[in-house]
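Reading through the structure tokens given below for one structure.
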Amino acid sequence: MQQAAFQGGRAFTRAYIGYAHAIAHALGGAYRLPHGLACAVSLPAVLEGYGSAARRPLERLAESAGFPASADCFISQLRALNERLGLPSSLSCIRPEDIESLSQTALREANPAYPVPRIFDHAEMTEVLRKIAGNQTSKAGSTA
Ligand SMILES: [Fe+2]
């Protein structure tokens, strides 16, 4: 585990972090969720939210991991990994009435300093948070 933590630290020291961490920090503050759990559950929804802006890097990651060179495949494999690890696919602790403020908190942390493939606006961050909460009631395609 220490070797894995070291390698993870090396990776994010070089590449920095993105919206999954900002969201996880907001969720940790609001609900006392463990940071790793919040990151793991948030990451697939964040990557989907990046849409075409992250497609090529995700294709390369999928291919490097031995999967077909597909962003959708990479995200699906992340969800499958979470499931194999016994992690939830969504975070039902997120209260709908909290999503607006969680979005503002995450955006305040991340924008504009985090080197994300695409800057989310408030509506896009709200949509991602709804997905993480397991509530996808807003209009389809608004995060693409
Ligand atoms: Fe973090």
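Note that ligands are numbered from 1 as they come in the structure, with each ligand's atoms numbered from 1 the same way. Since the model is a prediction, treat every value here as computed from it, not as a measurement.
Using cut-offs of 30° and 60° for the angle between ring planes, the Y50 and F120 rings count as tilted.
Between the side chain of R118 and the backbone N or O of G49 there is at least one donor-acceptor pair closer than 3.5 Å. Proximity of a side-chain donor or acceptor of N82 to a complementary backbone N or O of A40 within less than 3.5 Å is detected.
Here the CD atom belonging to E63 is positioned 12.5 Å from the CG atom belonging to L58, to the nearest 0.5 angstrom.
By the side chain to side chain donor-acceptor pair (under 3.5 Å) test, D121 is found to be paired with no residue, residues two or more places apart in sequence or in another chain being considered.
The side chain to side chain contact (heavy atoms under 4.5 Å, CB included) test with I99 singles out one residue from N135, V128, T126, and that residue is T126.
The Fe ion (ligand 1) has H21 ND1, H35 NE2 as protein N, O or S atoms under 2.8 Å away.
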